[in-house]
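All remarks here apply to the structure that follows.
Both backbone and side-chain heavy atoms feed into the values below; hydrogens, waters and symmetry mates do not.
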There are 2 protein chains.
Amino acid sequence: MIGRPPVTTHADIEAAAFTLFAHKGFAETTLEDIAQAVGVGRRTIFRYYPSKNDIPWGRFDESLAGFRETLQRMPAELPVFDAVHQGVIEFNRFDDAVLSQHRERMSLILRTPELQAHSALRYEQWRKVIADYVAMRTGHYAASSLPVTAGHVGLALALSAYESWLSDENGSLTESLSRSFSELGTLMGRHG
Amino acid sequence: MIGRPPVTTHADIEAAAFTLFAHKGFAETTLEDIAQAVGVGRRTIFRYYPSKNDIPWGRFDESLAGFRETLQRMPAELPVFDAVHQGVIEFNRFDDAVLSQHRERMSLILRTPELQAHSALRYEQWRKVIADYVAMRTGHYAASSLPVTAGHVGLALALSAYESWLSDENGSLTESLSRSFSELGTLMGRHG
DNA sequence: CAGACTAATGGCACTCAGCGCCAAAGGTCA
DNA sequence: TGACCTTTGGCGCTGAGTGCCATTAGTCTG
């Protein structure tokens with residue numbers, strides 16, 4: 001490797017940051033605190049994350065690519081809606097080992113106002129993945145109304161499922177997601 | 001009226017702000033700029049709006065109360081989903097005179113990254129109005145899964161409709177909203 | 001009319017996120 | 001050893017947001 005070697009990693013920073021966030025709260029933790037905990041200059045943190053709000057999201061971009069592939073793998077025989085449904089569930093399957101970290105991460109993201117706000121920008125990319133898939137399946141342009149709506153609705157159901165999952169100590173994320181998708185049927189008059 | 005009279009109003013500030021935003025862009029307009037345009041101290045702006053990001057939303061809280069009432073007025077014979085559908089449409093009906101301002105406002109909100117992010121906090125209250133209504137209609141608690149999902153989905157459809165409306169110079173907002181709601185049926189297998 | 005009272009104002013000083021700039025550090029390679 | 005390259009991190013700045021408090025401009029009472 002050419003040039004000065006990095007003195008830290010994304011993982012290092014996240015670890016230090018999550019500890020501090022849990023300890024003092026997100027807003028009360030300054031970037032200076034984090035930099036100090038990592039043993040690095042404040043300026044360097046910005047070389048790893050564009051903003052403080054981005055730290056809890058970690059390497060989200062990379063995981064988005066996985067979501068895209070997951071959807072691509074869904075069988076074409078499955079109706080679009082069910083394919084998205086299954087794709088979302090598949091994408092949100094985690095090993096028990098990782099699950100508790102994921103829960104902590106999502107709890108921070110979904111319950112900290114600053115992060116709730118910032119997350120809208122991340123969700124946009126997530127919706128785009130669904131919109132692209134639906135566009136491909138239906139032959140519409142990805143920017144046209146139907147795929148865009150599909151993206152919004154998919155996100156809506158996922159967020160609702162996450163909230164429900166986080167509020168219930170013992171629930172399963174997969175089940176929460178399934179429930180959201182089936183509730184949509186309920187709402188649309190398959191009874192209630 | 002007791003005490004020193006206010007030297008400005010929300011309307012004054014919004015007018016000055018929107019002009020500047022249109023002229024220089026949102027990010028490039030400082031609160032100092034706005035304060036100067038209004039002829040008021042920077043500190044005073046914060047007495048009218050909690051943050052720069054709140055200015056474009058105007059008096060959103062008050063309009064939420066109207067949304068709540070609109071939903072309450074929906075006939076009980078209407079299935080919940082349709083009641084929400086009609087309520088959202090009703091709430092987003094504007095006179096031609098106001099419509100162009102509304103369009104400008106929503107264009108700013110939905111196309112400025114900082115504001116997209118911030119808006120998530122406003123949407124939360126909007127979703128709650130739907131959740132409360134659905135809770136009342138179905139007998140669930142407002143915090144339980146079904147009403148929460150309804151809130152998310154309602155917002156999803158409204159946002160999709162707004163995006164579509166803004167991207168088409170000549171479209172009608174009411175029609176865009178109707179289209180979103182019917183697209184949901186399409187997605188769920190009433191064909192496509 | 002004078003003086004008490006009240007609420008809005010706005011200046012000041014401060015914290016913190018974020019960014020541009022640039023010299024220094026710490027590696028690799030010929 | 002010295003050229004080369006990339007990361008680091010310090011410095012200084014801008015701008016949002018906040019707490020504090022004296023000032024201002026009204027109303028109300030005697």
Side-chain angles (χ1 to χ4, degrees), chain A residues 1-18 20-21 23-59 108-109 112-122, chain B residues 1-18 20-21 23-59 108-109 112-122:
Chain A
M1 197 191 291
I2 286 258
R4 176 173 176 174
V7 292
T8 187
T9 62
H10 286 91
D12 279 351
I13 295 174
E14 278 173 49
F18 271 90
L20 286 166
F21 293 159
H23 213 67
K24 317 175 46 172
F26 181 81
E28 291 70 28
T29 303
T30 68
L31 282 173
E32 186 62 48
D33 292 337
I34 299 172
Q36 227 160 65
V38 180
V40 111
R42 189 176 74 100
R43 194 66 185 75
T44 297
I45 303 287
F46 285 105
R47 298 244 164 65
Y48 287 79
Y49 296 93
S51 80
K52 179 181 172 185
N53 287 337
D54 285 299
I55 299 178
W57 277 99
R59 320 296 308 271
L108 183 65
I109 289 175
T112 307
E114 301 92 309
L115 294 176
Q116 280 173 35
H118 179 74
S119 300
L121 306 175
R122 298 316 191 91
Chain B
M1 198 191 288
I2 285 262
R4 174 174 178 174
V7 293
T8 187
T9 62
H10 286 91
D12 280 351
I13 296 174
E14 278 173 49
F18 271 89
L20 286 166
F21 293 159
H23 213 70
K24 317 174 47 171
F26 181 82
E28 291 69 27
T29 302
T30 70
L31 281 172
E32 188 62 49
D33 292 337
I34 298 171
Q36 228 160 64
V38 180
V40 112
R42 189 178 75 103
R43 194 67 184 75
T44 296
I45 303 287
F46 285 105
R47 297 243 164 66
Y48 286 79
Y49 296 92
S51 79
K52 179 181 171 184
N53 287 336
D54 285 298
I55 298 178
W57 276 98
R59 319 288 339 246
L108 183 65
I109 289 175
T112 308
E114 302 92 307
L115 294 177
Q116 280 173 32
H118 180 74
S119 300
L121 306 174
R122 298 317 191 91

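dT18(D) atom P lies 16 Å from atom OH of Y49(B), rounded to whole Å. Put simply, CG on N53(A) is 10 Å from C1' on dA17(C), counting in whole angstrom units. Straight-line distance from the CZ atom of R43(A) to the P atom of dG20(C): 8 Å, rounded to whole Å. Distance H10(A) NE2 to dT7(D) P: 12 Å, rounded to the nearest Å. Whole-Å rounding puts the R42(A) CZ to dG20(C) P distance at 14 Å. Following rounding to the nearest Å, E32(B) (CD) and dG10(C) (C1') show an atom-to-atom distance of 11 Å. The distance between atom NZ of K52(B) and atom P of dT18(D), rounded to the nearest whole Å, is 15 Å. In this structure, F46(B) places its CZ atom 13 Å from P of dG15(D), rounding to the nearest Å.
Interatomic distance, CH2 of W57(B) versus CD1 of I109(B), reported as 4.5 Å (0.5 Å rounding). Taking CG of D54(A) as the reference point, atom CG of L121(A) lies at 8.5 Å (rounded to 0.5 Å). Atom CD1 of I13(A) and atom OG1 of T44(A) lie 8.0 Å apart (nearest 0.5 Å).
Contact annotation for G3(B): base contact, defined as any heavy-atom pair under 4.0 Å involving a base atom. Backbone-only contact: Y48(B) has heavy atoms under 4.0 Å from sugar-phosphate atoms and none from a base. Nucleic acid contact class of T44(A) (heavy atoms, under 4.0 Å, all strands): base.
Of the candidate nucleotides dA7(C), dT9(C), dT7(D), dT9(C) has the atom lying nearest to any side-chain atom of V7(B). The side chain of P6(A) lies closest to dT8(D) when the candidates are dA17(C), dG26(C), dT8(D). Considering only side-chain atoms of T8(A), the nucleotide from dT18(D), dT8(D), dT9(C) that sits closest is dT8(D).
Judged by atom type and distance alone, R4(B) does not reach the base of dG10(C) through any side-chain donor-acceptor pair under 3.5 Å. Between the base of dG9(D) and the side chain of R47(A) there is a donor-acceptor pair shorter than 3.5 Å.
Ring geometry for Y49(A) against H10(A) counts as perpendicular: the plane angle is over 60°, on a 0 to 90° scale with 30° as the lower cut.
Nearest-nucleotide positions on DNA chain D for P5(B) and T30(B) put T30(B) closer to the 5' end. Sequence order on DNA chain C of the closest nucleotides to M1(A) and S51(A) puts S51(A) first from the 5' end.
Geometrically, K52(B) does not engage F46(B) in a cation-pi contact, judged by NZ or CZ lying under 6.0 Å from the ring centre and within 45° of the ring axis.
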